[in-house]
Student: 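Dropping a structure here in structure tokens format, bear with me for questions.
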Amino acid sequence: MNQEEKFQLVKEAYENAYAKYSHFQVGALVLTQDGRTYLGANVENASYGLSNCAERSALFNAYSNGIRKDDIIELVLIGKSQDYLYPCGACRQVICELMHADAKITLFRLDGKYKELQVKDLLPYAFDERELDAEA
Ligand code: THU
């Protein structure tokens, strides 16, 4: 998929954001090896802490449809900010578990400029499932 197609799709998710309280829309898009696409938007709640970020919405959407980390090649993001929208800390933790370390993260600005990172750039010294195997 080319950058223009990614931009159009992630903007679609962005337009679907339910950002009633912050008015800060975020859109995300998961891309798979075989060309499938899964959108996610932030979905807020009057009980603010229950709001879900776009990144997690998109990844949970993909996983709910049977997609797993081996299938995912890229996560694309866009947010209502002047500059690039970087994933929040909670989403970085989830991204690290649900995507491979060398998978791509593409950040779009609203003007169409973009920047490419990898999952491994997001969260050094991450907690992961290997810690759960330690003997007490
Ligand atoms: N938000 C995201 O969707 N992703 C992020 O990485 C940062 C924050 C959402 C959560 C909330 O709905 C709004 O943006 C303001 O924080």
Side-chain angles (χ1 to χ4, degrees):
M1 181 177 294
N2 67 36
Q3 297 305 98
E4 179 58 28
E5 289 169 325
K6 287 178 200 172
F7 184 66
Q8 292 307 330
L9 267 179
V10 79
K11 274 294 288 296
E12 193 179 315
Y14 172 91
E15 299 297 343
N16 290 336
Y18 179 75
K20 191 170 177 178
Y21 306 99
S22 71
H23 306 290
F24 187 82
Q25 296 159 265
V26 185
L29 162 69
V30 169
L31 298 178
T32 66
Q33 310 254 26
D34 61 1
R36 281 181 280 179
T37 58
Y38 297 89
L39 299 183
N42 53 329
V43 180
E44 299 186 345
N45 193 277
S47 177
Y48 298 162
L50 300 182
S51 301
N52 205 59
C53 292
E55 298 89 322
R56 280 177 285 154
S57 295
L59 282 165
F60 295 165
N61 181 19
Y63 268 68
S64 300
N65 281 281
I67 298 303
R68 290 295 180 263
K69 62 165 42 169
D70 283 347
D71 306 310
I72 298 175
I73 53 171
E74 185 173 347
L75 175 68
V76 184
L77 279 178
I78 195 165
K80 193 180 180 182
S81 48
Q82 293 300 317
D83 208 347
Y84 299 105
L85 184 279
Y86 292 93
C88 79
C91 287
R92 291 179 194 217
Q93 178 68 28
V94 171
I95 289 166
C96 283
E97 173 139 355
L98 301 186
M99 293 176 67
H100 282 297
D102 61 354
K104 191 188 280 188
I105 306 281
T106 300
L107 310 175
F108 272 103
R109 295 184 352 173
L110 286 170
D111 64 6
K113 291 208 175 87
Y114 66 92
K115 169 191 271 197
E116 294 176 337
L117 306 172
Q118 286 183 300
V119 168
K120 61 179 165 232
D121 299 323
L122 295 178
L123 191 60
Y125 305 109
F127 174 83
D128 66 36
E129 72 244 41
R130 287 170 302 184
E131 319 285 344
L132 301 175
D133 294 332
E135 296 287 324

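The model shown is predicted, which means the values in this text are computed figures rather than measured ones. Both backbone and side-chain heavy atoms feed into the values below; hydrogens, waters and symmetry mates do not.
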Student: Compare all side-chain heavy atoms of Q8 with those of E4 and state whether any distance is below 4.5 angstrom.
Tutor: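 Contact flag for Q8/E4 side chains = yes.
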Student: So how far is it from F7 CZ to E12 CD, rounded to the nearest 0.5 Å?
Tutor: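 So the CZ of F7 and the CD of E12 are separated by 13.0 Å.
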Student: Pairing donors with acceptors under 3.5 angstrom, does anything connect the side chains of K6 and Q3?
Tutor: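 Yes.
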Student: State plainly whether the residues D111 and K113 are in salt-bridge range, i.e. N to O under 4.0 Å.
Tutor: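 A salt bridge links D111 with K113.
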Student: Should N42 and R56 be marked as a side-chain contact (heavy atoms from CB on, under 4.5 Å) after you check the CA-CA gap, both sets of side-chain angles, and the distance that decides it?
Tutor: CA-CA 8 Å; N42 53 329; R56 280 177 285 154; over 6 Å; no
Student: Could you please spell out the steps behind the side-chain contact (heavy atoms from CB on, under 4.5 Å) verdict for L85 and F24?
Tutor: CA-CA 11 Å; L85 184 279; F24 187 82; 3.7 Å; yes
Student: Look up atom CD1 in I72 and atom NZ in K104, then write down how far apart they are to the nearest 0.5 Å.
Tutor: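 NZ of K104 is found 15.0 Å from CD1 of I72.
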Student: Just wondering, more than 12 heavy atoms not from R130 lying within 6.0 Å of its CZ?
Tutor: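 No, the 6.0 Å shell around CZ holds no more than 12 heavy atoms from other groups.
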Student: Between Y38 and I67 (side chain of the first, backbone of the second, donor and acceptor by atom type, cut-off under 3.5 Å), is there such a pair?
Tutor: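 Checking the backbone N and O of I67 against the side chain of Y38, no donor-acceptor pair under 3.5 Å is found.
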Student: Provide the full list of side-chain hydrogen bond (donor to acceptor under 3.5 Å, both in side chains) pairs with a residue in residues 82-93, sequence neighbours left out, each pair given once.
Tutor: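 Checked against side-chain hydrogen bond (donor to acceptor under 3.5 Å, both in side chains) - neighbours excluded - the pairs reaching residues 82-93 are Y86-K115.
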Student: Tell me whether F60 is reachable from V30 by hopping between hydrophobic residues (I, L, V, M, F, W, Y) whose side-chain heavy atoms are closer than 4.5 Å.
Tutor: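 Same cluster.
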Student: Any side-chain heavy-atom pair from V26 and C53 closer than 4.5 angstrom?
Tutor: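 No, too far: nothing below the 4.5 Å cut-off.
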Student: Does E15 use its side chain to pair, donor to acceptor, with the backbone of Q25 at less than 3.5 Å?
Tutor: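 The answer is no, because no donor-acceptor pair under 3.5 Å joins these two groups.
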Student: Any donor-acceptor pair under 3.5 Å linking the side chain of E5 with the backbone of N2?
Tutor: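 Indeed, once roles are kept as given, a pair shorter than 3.5 Å links the two residues.
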Student: Which pair of heavy atoms, one from A58 and one from A28, lies closest together, and at what distance?
Tutor: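 Reported closest heavy-atom pair: CB-CB, 3.8 Å.
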Student: Sequence neighbours left out, what passes side-chain contact (heavy atoms from CB on, under 4.5 Å) with I105? Give chain and number order.
Tutor: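 By the side-chain contact (heavy atoms from CB on, under 4.5 Å) rule, I105 matches L75, I95, M99, L107, L117, V119, L122.
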Student: Please walk me through it: do K11 and I78 pass side-chain contact (heavy atoms from CB on, under 4.5 Å)?
Tutor: CA-CA 7 Å; K11 274 294 288 296; I78 195 165; 3.7 Å; yes
Student: Count I, L, V, M, F, W, Y as connected when their side-chain heavy atoms are under 4.5 Å apart, and connections chain through other members. Are I73 and L98 then in the same cluster?
Tutor: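 Looking at the clustering, L98 is in a separate group from I73.
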Student: Under 4.5 Å between side-chain heavy atoms, counting indirect links through other Ile/Leu/Val/Met/Phe/Trp/Tyr residues: same cluster for L29 and L59 or not?
Tutor: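 No, L29 and L59 fall in different hydrophobic clusters.
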Student: Under 3.5 Å, side chain of N52 to main-chain N/O of V43, donor-acceptor pair present?
Tutor: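 Between the backbone of V43 and the side chain of N52 there is no qualifying donor-acceptor contact (under 3.5 Å).
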Student: In terms of side-chain heavy atoms, does T32 have a donor or acceptor partner in D34 at a distance below 3.5 Å?
Tutor: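 Yes.
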Student: Using a 3.5 Å distance criterion without hydrogens, assess whether the side chain of E55 forms a donor-acceptor pair with backbone atoms of C91.
Tutor: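 Side chain of E55 to backbone of C91: no pair is present.
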Student: Decide yes or no on side-chain contact (heavy atoms from CB on, under 4.5 Å) for S22 and Y48, but give the supporting numbers first.
Tutor: CA-CA 9 Å; S22 71; Y48 298 162; over 6 Å; no
Student: According to a 4.5 Å side-chain heavy-atom criterion applied to Ile, Leu, Val, Met, Phe, Trp and Tyr, with indirect links allowed, do V10 and Y14 form part of one hydrophobic cluster?
Tutor: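 Yes, it is one cluster - the side chains of V10 and Y14 are joined through contacts under 4.5 Å.
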Student: Taking the side chain as everything from C-beta on, heavy atoms only, tell me whether R36 gets closer than 4.5 Å to N65.
Tutor: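 They are not in side-chain contact.
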Student: Starting from V76, can I reach Y63 by hopping between I/L/V/M/F/W/Y residues whose side chains sit under 4.5 Å apart?
Tutor: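 Each belongs to a different hydrophobic cluster.
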Student: Looking at Q118 and D102, would you say the former's side chain and the latter's main chain have a donor-acceptor pair under 3.5 Å?
Tutor: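 Looks like yes, one N/O pair under 3.5 Å.
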